[in-house]
Amino acid sequence: MKAQRIKSFISHWLNKVDEHSIHSPYFFDFYKQVIKPAQKTKGDQALEKLRERLLLNNMPVQMEDLGAGSAVGGQKKSLADITQISVSPTKLSQLYLNILNYIDAKYVVELGTSIGLNTLYLSQKADCRIFTFEGNKSLINIALTHFESLDRKNVQLIEGNIDHTLSEFLQNTTKINFALIDANHRYEPTLRYFNMLVRRMNEKSILVIDDIHWSAEMEKAWNELHHHSLVYGSIDLYRCGILFFDPALNRQHFTLSL
Ligand SMILES: C[S@@+](CC[C@H](N)C(=O)[O-])C[C@H]1O[C@@H](n2cnc3c(N)ncnc32)[C@H](O)[C@@H]1O
């Protein structure tokens, strides 16, 4: 596992280009408006204060075995460790919020809420409805406390195993502008969730997959998905992969850094 990550990190580093190599007007603009501002961000002051407090909180949290990356059931982890290891870092959360603003997203799906810090970032776009999915009961309670204390009325947490909750949710949903797949970091569920979500997306929608180089399985999923017949553009930022669905984008792929 470790050797694979080192190999993929080196490969990303060797292949990445800078803004001067982006000749497509759409991707150049996307880089300028979405990626570049996220590279320099300090994040939202109130949310970063919350992150600081969580990083000092050693309260034990019960883990549940829901999929790769969610730890072994029965095990406990400190809230500080969860914040450090499982929660999106500031730059990434800001990147996602920048995407929502860029495409003026109204309907957003986040698979994997954890403690809800990334969801709080997404919900800063107040005219947007965020549907976030989590199966771990202890994490659900922590996330709900955060949403309530910060009065986020545009967030709906869908509780339970995504393997069951996602299909039910999609039966009553007609469109999704942005989706983040950040739950069960395995090949099969990643492809399955993608195939379910993509049916509700349109050509202006964007789908992000987190941790695309985290394991050989995730790399395999990413390599297949960015060549998927419905995908017309992609950006590999190493930590995450961004997929675009507009046929006008001519199937371009970029390797960039965040
Ligand atoms: C990496 S964390 C999510 C981080 C969050 N999206 C962020 O950006 O900070 C992944 C979460 O997905 C949850 N999870 C994993 N597999 C799941 C499943 N099959 N159903 C429900 N939740 C799941 C885990 O409990 C964990 O809290």
Side-chain angles (χ1 to χ4, degrees), residues 38 41 43-44 47-48 50-51 54-55 61-100 108-124 130-147 150 152 155-170 178-194 196-197 207-215 217-218 221 237 239-242 258:
T41 192
D44 176 83
L47 297 183
E48 290 312 310
L50 172 62
R51 190 192 302 271
L54 292 164
L55 283 168
V61 179
Q62 188 71 46
M63 292 290 108
E64 289 178 37
D65 195 1
L66 291 155
S70 62
V72 181
Q75 198 182 315
K76 283 187 180 174
K77 271 192 192 173
S78 74
L79 190 48
D81 280 354
I82 293 168
T83 309
Q84 179 73 50
I85 298 158
S86 307
V87 170
S88 289
T90 308
K91 273 201 246 182
L92 211 54
S93 289
Q94 186 66 52
L95 174 91
Y96 301 149
L97 176 61
N98 294 351
I99 296 178
L100 301 196
V108 167
V109 165
E110 179 190 38
L111 300 186
T113 315
S114 186
I115 55 170
L117 192 52
N118 186 62
T119 323
L120 289 170
Y121 262 92
L122 301 177
S123 66
Q124 283 183 296
I130 319 288
F131 301 93
T132 184
F133 291 67
E134 177 56 57
N136 178 317
K137 288 183 196 66
S138 310
L139 294 174
I140 289 170
N141 289 334
I142 295 168
L144 287 174
T145 309
H146 289 150
F147 302 153
L150 287 155
R152 295 301 158 93
V155 175
Q156 191 176 328
L157 200 158
I158 295 162
E159 302 180 20
N161 192 321
I162 295 163
D163 289 347
H164 311 300
T165 54
L166 185 58
S167 56
E168 204 181 308
F169 167 80
L170 291 173
F178 175 84
L180 169 64
I181 299 182
D182 187 15
N184 187 348
H185 292 98
R186 287 201 178 108
Y187 170 79
E188 190 278 327
T190 302
L191 260 70
R192 183 157 36 89
Y193 300 157
F194 171 90
M196 291 166 81
L197 290 164
L207 188 146
V208 172
I209 303 173
D210 192 63
D211 275 330
I212 52 173
H213 299 288
W214 185 72
S215 64
E217 274 195 59
M218 285 304 289
L237 288 175
R239 171 65 200 252
C240 71
I242 310 176
L258 181 62

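Remember, it's 1-based here, ligands and their atoms both numbered in the order they're listed. In this text the structure is predicted, and so the values were computed from the model without any measurement.
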Exercise for review: Pick whichever of L166, D182, I115 has a heavy atom sitting closest to atom 4 (C) of ligand 1.
Suggested key: D182
Exercise for review: Compute the minimum heavy-atom distance from G160 to ligand 1 and say whether it is under 4.0 Å.
Suggested key: yes
Practice item. Go through the side-chain N and O atoms of T132 and Q156 and say whether any donor and acceptor fall under 3.5 Å apart. Key: no
Point to revise | Test of proximity, E134 against ligand 1: N or O pairs below 3.5 Å | key: yes
Practice item. Please identify which atoms of ligand 1 are closer than 4.0 Å to at least one heavy atom of V87. Key: 9 (O)
**Study point:** Min side-chain heavy-atom separation L100-V108 under 4.5 Å
**Key:** yes
**Study point:** Spacing of I115 atom CD1 and R51 atom CZ [to the nearest 0.5 Å]
**Key:** 8.0 Å
Point to revise | Geometric N/O contact E110 with ligand 1, under 3.5 angstrom | key: yes
Exercise for review: Could you tell me if any non-hydrogen atom of N161 lies under 4.0 Å from any atom of ligand 1?
Suggested key: yes
Review point. Of all residues at least two apart in sequence or in a different chain, which pass the side chain to side chain donor-acceptor pair (under 3.5 Å) check with T190?
Key: none
Review point. Ligand 1 and Y96, any nitrogen or oxygen pair closer than 3.5 angstrom?
Key: no
**Study point:** CG-CD1 distance between L191 and I181, expressed to the nearest 0.5 angstrom
**Key:** 8.5 Å
Exercise for review: Using a strict 4.0 Å cut-off to heavy atoms of N184, name the atoms of ligand 1 that fall inside it.
Suggested key: 15 (C), 16 (N)
Review point. Does ligand 1 have a heavy atom under 4.0 Å from the side chain of E64, from its backbone, from both, or from neither?
Key: neither
**Study point:** Steps toward side-chain contact (heavy atoms from CB on, under 4.5 Å) verdict (R239, D211)
**Key:** CA-CA 5 Å; R239 171 65 200 252; D211 275 330; 3.4 Å; yes
Review point. Considering distance alone, does some N or O of L66 sit under 3.5 Å from an N or O of ligand 1?
Key: yes
Check your understanding: Is it the side chain (CB and beyond), the backbone, both or neither of L139 that lies under 4.0 Å from ligand 1, heavy atoms counted?
Key -> side chain
**Study point:** Distance-only side-chain donor-acceptor flag, T119 / E110, under 3.5 Å
**Key:** yes
Practice item. Can you label the angle between the H185 ring and the W214 ring as parallel, tilted or perpendicular, going by 30° and 60°? Key: tilted
Study note, to complete from the structure: Contacts of D163 meeting side chain to side chain donor-acceptor pair (under 3.5 Å) (sequence neighbours excluded), chain-then-number -> R192, Y193
Check your understanding: Based purely on interatomic distance, does G135 place a nitrogen or oxygen under 3.5 Å from a nitrogen or oxygen of ligand 1?
Key -> yes
Check your understanding: For I82 and L139, what are the C-alpha separation, side-chain angles and deciding distance, and is it a side-chain contact (heavy atoms from CB on, under 4.5 Å)?
Key -> CA-CA 10 Å; I82 293 168; L139 294 174; 4.0 Å; yes
Review point. Any N or O of S88 that comes nearer than 3.5 Å to an N or O of ligand 1?
Key: yes
**Study point:** ligand 1 N/O within reach of T113 N/O, cut-off under 3.5 Å
**Key:** no
Review point. Taking only heavy atoms of G112, which atoms of ligand 1 are found under 4.0 Å from at least one of them?
Key: 3 (C), 4 (C), 5 (C), 6 (N), 11 (C), 12 (O)
